[in-house]
Amino acid sequence: MKTLFVIAWRNIWRNPGRSGVLLMAVVAGLWAGVVTVGTMNGMLNQRVDYLIDSEIAHAQIHNPEFLLERRPYDYIPEFDKLVEILESDQRVAGFAPRVLADGMLQSPVKTAGVRIRGIDITKETQTTSFHENLVDGQYLDSDIRNAVFVGQRLLESHKLRIGNRLVLTFEDVNGDLTSAAFTISGSFQSASSDYDESHVFVRVTDLLPLLSPDSEVYHEVAVRLHDIALSDEFVRDISAQITGVKAQTWNQISPELSTLVELGGVMLHIVTLIIMLALAFGILNTMLMAIFERLREIGMLLSIGMSRAKVFLLIMLESVVLTLTGAVTGIILALISIRRFAETGINFEMFADGIASLGWDHVVYPVLSTQEFAGIIVIVIVITMLSSLYPAIKAMRQNPLEVEK
Amino acid sequence: MKNHIIKTENISKTYNPDTVPVHALKAVNLEFSKGEFTSIVGPSGSGKTTLLNMLGGLDKPTEGHVEVDGVKITGMKDSKLIEFRLQNIGFVFQHYNLIPVFTAKENVSFIMLLQKRSKKEMEHRAEELLNKVGLGDRMDARPKQMSGGQQQRVAVARALASEPKFILADEPTANLDTSSAMNLLDIMEKMNKEQGITFIFSTHDQRVIDRARRVITMVDGQVHTDEIHKESSSTITENDSQRIDTE
């Protein structure tokens, strides 16, 4: 085997130009593929992490009717009991009750539809990191009465400034329209410019008297767990303990997020597969050329007594050694690049506006998990073996009489 | 008691039997004994190379069979035949056919490696054989760094390395100049005479024919003449030995 390996290695470098070109193609292909996939992965992961951290949290609890119609009076029943359960549950790291209303925002410039989120500042801060999106002014923890925290883009489109007032109109729990003036305390910029233009945040203590003057009602409770993996088990338990509520995990609330995560894994393998399939034809072509040039030599090997199995193995080794040398180099370079970019990030600033409108961050930190890395290696090995098979079989089936031609 | 190492019984070879049949060999019956130095000669298309291929188990006859040392190799399974060639038959080809990425010593050792001999034995025997063919100082040279004559001498050393029962040489001098051809023939003749190694050549090189002690002439796929020469036309002299060592 050692000698076969030596022959294979020397045969590879018999035509340094040709082998070098193939090697470079494999290195470049794998490097570009893995970095691209790592970058896509990073974008997807950032999007998912961002949404979980800043808004969705690990689980949410609603009145199931609210999820269908978003009517103000479809609030969570037995809220106090729910709070008791959440406070005693060891898995819960924090929870944030929210009052939600869909309404109109009226500024001196124009009127627009908005989603109003009434939050408990202390609990919200313990549960999500949305407050970190503050870009100007103050968060809702200011002394301003009826403070509203709005998106930077909304601020710009309505030509408003910090300290300006605007009017929010919405339906209360009795079905009546109610309006109130709010003062802009600060502005935020999330990863999605669309979100920034369509959502406003107010204190629950300011919103509740307007929406439900007679009782304390909540439409949503976002729950942050100590471990995201406990989400499924947690929502099962909550649904069993309280009737009339629907507890959902982050991926049930936002199926597109779990699709994104799955898509990331699938994309990784599809991109690697496409690159390797393209390279497979290069390997096939190079090895077939190498064999056609060496028919007489292969005939000689069979004549003097080298078994067909060993001839097969020799050609397989040549292909596999050449490709894997390139693949390992390409993957190592890609891992170095990914590690470097994971620290510095890849800045897509020139596309920042377009990316932001899709809800993505323009600075991407590539990532590649061990599992994904193993998947790439498996694909590389399988494709290399498959593309080497035909030349090796062709060589193995040569007639020893080729030696005389 | 048999004294032959190769025996052919009525071997025939027909190419394209269903379309335009070409009868390369027609019922050839021959026997070769140990220690022969035989040339198979004839014009192009006479069947001499086809016959050599049959003797070496590289090709199969359409009819008849070939026996090597009492073993019928015709009809032998391909994998067994390859193994049989490895252990019993040495080949020298017209185009030398050395492995270009190997040194002279590695080329000679390679066949012993296929025979699974020990590293020590391989090295010792490869060096010994290369010294015998006058290439003791070219052991680490690769084929590209050697002349045609030197490459063919490595090929002879390789053929001998496996300790075969006989060596088949197809036009071994066809690509060599006179000096190299004479030198190669000197080496092979010396080995034949001193060690009793059997050589069978397919050739139309008069220099080879002149040295042969038996000359089989093929015409149209049949044995036309089979003559024994009591002594070859040239004998190895002291000067020849020096030529082997120094060239």
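Sequence lines set the chain letters: A, B, ... in the order given, protein chains first and strands last, and positions in each chain run from 1.
Annotation: side chain of Phe110(B) is in contact with side chain of Met306(A) (closest heavy-atom distance under 4.5 Å). Contact of the Arg14(A) side chain with the Pro100(B) side chain is registered, since non-hydrogen atoms from C-beta on lie closer than 4.5 Å. Residues Arg296(A) and Phe93(B) have side chains not in contact (no heavy-atom distance under 4.5 Å, counting atoms from C-beta outward).
Counting heavy-atom neighbours within 6.0 Å of Tyr390(A) OH, excluding the residue itself, gives a total of 12 or less. Within 6.0 Å of atom OH in Tyr15(B), more than 12 heavy atoms from other residues, nucleotides or ligands are found, so the atom counts as buried in its surroundings. Surrounding CG of Asp220(B) are at most 12 heavy atoms belonging to other residues, nucleotides or ligands under 6.0 Å away. In Gln371(A), the CD atom is not crowded: 12 or fewer heavy atoms of neighbouring residues, nucleotides or ligands sit closer than 6.0 Å. Residue Glu63(B) places its CD atom among 12 or fewer non-hydrogen atoms of other residues, nucleotides or ligands, all under 6.0 Å distant.
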Exercise. Going through the checks in order, is the side chain to side chain contact (heavy atoms under 4.5 Å, CB included) test met by Met300(A) and Phe91(B)?
Worked result: CA-CA 9 Å; Met300(A) 179 275 293; Phe91(B) 291 92; over 6 Å; no
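The most heavy-atom pairs under 4.5 Å with chain A, out of Gln115(B), Glu106(B), Glu171(B), Glu83(B), come from Glu106(B).
Taking OG from Ser303(A) and CG from Leu58(B), the interatomic distance works out to 4.5 Å, rounded to the nearest 0.5 Å. Ile111(B) contributes atom CD1, which lies 4.0 Å from atom CD1 of Ile304(A) (distance to the nearest 0.5 angstrom).
Without hydrogens or angle criteria, Arg85(B) side chain to Leu302(A) main chain gives a donor-acceptor distance under 3.5 Å.
When the options Leu98(B), Val101(B), Ile99(B) are evaluated for a side chain to side chain contact (heavy atoms under 4.5 Å, CB included) with Glu297(A), the one that passes is Ile99(B).
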